[in-house]
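Scope of the values below: all heavy atoms of this structure, side chains included, with no hydrogens, waters or symmetry mates.
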Amino acid sequence: MKFYFPDSQDQVSPTFNFFTEEHSPHRVRQRDDKYAHEILKPLPYDGLLVSKAIVDGSVKGAGKYSMPQRERLYRLGVRRYFRLPENIVTIGDCGAFNYADEELPPYTIDEVLDFYERCGFHAGISIDHVIFGYDPKVSDEEANPVWKTRREISLRYAADFYEAVERRGNKIEPVGAAQGWSPASYADSVQRLQKIGYKRIALGGMVPLKTADILACLKEIDQVRSSTTELHLLGITRVASMEEFALHGVTSFDSTSPFRQSFMDDRNNYHTAGMAYTAIRVPQVDGNPALKRRILAGEVSQVKARSAERECMKRLRAYDEGSETVDRVIEILEDYERLVESDKKQSRVPAYRVTLEAKPWKSCKCTICAAHGVEIAIFRGSERNKRRGFHNLSVFATKMHHIKHPLGQEN
């Protein structure tokens with residue numbers, strides 16, 4: 001089971017100073033900052049997925065890449081741009097969620113193939129149109145006309161995409177995108193894609209589905225899937241079910257979930273093999289909008305806030321070194337939380353105690369935790385938060401590598 005990490009230009013600076021909160025004045029982001037695969041051992045993913053919408057933008061506006069970054073990617077190709085090791089494979093897609101509100105996808109077949117060819121991907125997914133809806137009981141005749149239209153658009157683009165790859169003599173592996181709203185419609189899409197010639201098919205639009213619904217679709221697809229057809233799940237992270245997914249032809253998937261939970265989830269920020277811990281929030285006084293508003297309104301003393309912030313960091317580091325007690329760390333964290341958070345919001349301090357008493361960063365074998373210790377468990381600024389996201393990827397990769405294949409072998 002291969003895990004692909006979708007790129008969103010997430011890097012960390014190896015010269016960042018955790019004590020002064022500053023980068024090197026000589027830092028050049030593209031040259032000096034590092035991707036997860038450059039600072040983690042073992043590698044945190046098997047492949048990298050890059051979307052055209054992220055690079056070139058779509059109808060919603062510019063993508064995540066600046067013009068110089070975009071030109072550099074096209075000039076160097078995906079392998080050299082990301083400084084990828086040989087054993088990481090690459091796949092391109094269109095980023096259908098970025099144009100989901102449009103009547104038609106905004107790209108032509110030639111534009112997408114040009115993107116895949118110039119970047120040098122191993123594989124490329126055909127243009128598709130996301131279907132927002134799922135009803136296992138609705139037949140093709142009774143289905144929402146918009147759903148039916150979007151599925152037919154996806155299949156038509158898939159047929160034209162496959163033909164264009166063949167015509168160009170392209171070495172890229174074509175991956176057909178299947179959309180649906182029910183097990184029967186997904187199975188029909190897979191069957192039609194196989195007739196076109198696809199040996200690898202990506203199942204899209206399944207992110208909102210429950211695991212039971214995904215399995216229902218996979219079991220229905222089994223009725224039409226060739227034994228040589230491989231399935232890719234777009235945006236799906238269900239570790240507990242991946243072994244069962246593999247029994248139904250799933251060989252790869254992609255997701256940003258383990259990474260994004262490090263700074264997007266309210267509680268489950270720092271992952272381990274057995275559980276997820278709450279990262280300890282020590283926001284910067286100058287970088288927290290809510291706290292700044294309270295200071296400007298005269299509700300909070302700026303001097304008091306800065307003093308509490310510094311004391312939080314001091315005690316956390318002392319605790320990591322063994323010269324401070326957990327109770328004294330909790331005491332100052334509670335004081336600072338009262339300054340920062342609304343009284344109506346549930347306190348995270350009990351969760352902080354669980355994290356501090358467990359000290360999960362001490363037992364973690366990843367290169368990031370070994371280098372930075374408690375800093376990775378502190379929710380504060382992108383350098384710490386992204387490193388914690390990279391750590392989560394390493395934990396996720398370890399879990400995935402222990403999933404059994406249908407033949408009984410580990411990854």
Taking the basic N atoms (NZ, or NE/NH1/NH2) and the acidic carboxylate oxygens, is any pair closer than 4.0 Å for [X] and [Y]?
X	Y	value
Asp93	Lys52	no
Arg315	Glu331	yes
Glu21	Arg384	yes

Return the set of residues passing ring-ring contact (aromatic ring centres under 6.0 Å, His included) with [X] (not counting sequence neighbours), or none when no residue passes.
X	answer
Tyr352	none
Phe390	Phe259
Phe396	Phe3, Phe253
Tyr277	none

Looking only at side chains, do [X] and [Y] share a donor and an acceptor under 3.5 Å apart?
X	Y	result
Ser255	Thr237	yes
Ser347	Glu337	yes
Glu309	Gln284	no

Phe115 and Phe121 aromatic centres sub-6.0 Å: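 Ring centroids of Phe115 and Phe121 are less than 6.0 Å from each other.
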Output field: ring centroids His129/Tyr157 closer than 6.0 Å: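 No - the distance between ring centres of His129 and Tyr157 does not fall below the 6.0 Å cut-off.
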With Asn87 via side-chain hydrogen bond (donor to acceptor under 3.5 Å, both in side chains) - residues at least two apart: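 None.
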Partners passing side-chain hydrogen bond (donor to acceptor under 3.5 Å, both in side chains) against Asp320 (at least two apart in sequence or in another chain):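 Asp320: side-chain hydrogen bond (donor to acceptor under 3.5 Å, both in side chains) contacts with Trp361, Lys362.
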Results of side chain to side chain contact (heavy atoms under 4.5 Å, CB included) for [X] - residues two or more places apart only:
X	answer
Val326	Tyr319, Ile330, Arg353, Leu356, Glu357
Glu38	Lys34, Tyr35, Arg83
Thr20	Asn17, Glu22
Ser226	Gln194, Thr228, Thr229

Pairs flagged by side chain to side chain donor-acceptor pair (under 3.5 Å) wherever residues 198-212 is involved - sequence neighbours left out: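 Qualifying pairs: Tyr4-Arg200, Glu173-Arg200, Arg200-Ser252, Thr211-Arg238.
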Selection residues 282-312 - residue pairs positive for ring-ring contact (aromatic ring centres under 6.0 Å, His included), sequence neighbours left out: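 As it turns out, there is no ring-ring contact (aromatic ring centres under 6.0 Å, His included) pair with a partner in residues 282-312 once direct neighbours are skipped.
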Arg388, His372, Gln11, His23 screened by side chain to side chain donor-acceptor pair (under 3.5 Å) with Glu383, the one that passes: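 The passing option is His23.
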Pi-cation contact, Tyr74 with Arg118 (under 6.0 Å, within 45°):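 Checked: cation-pi criterion met.
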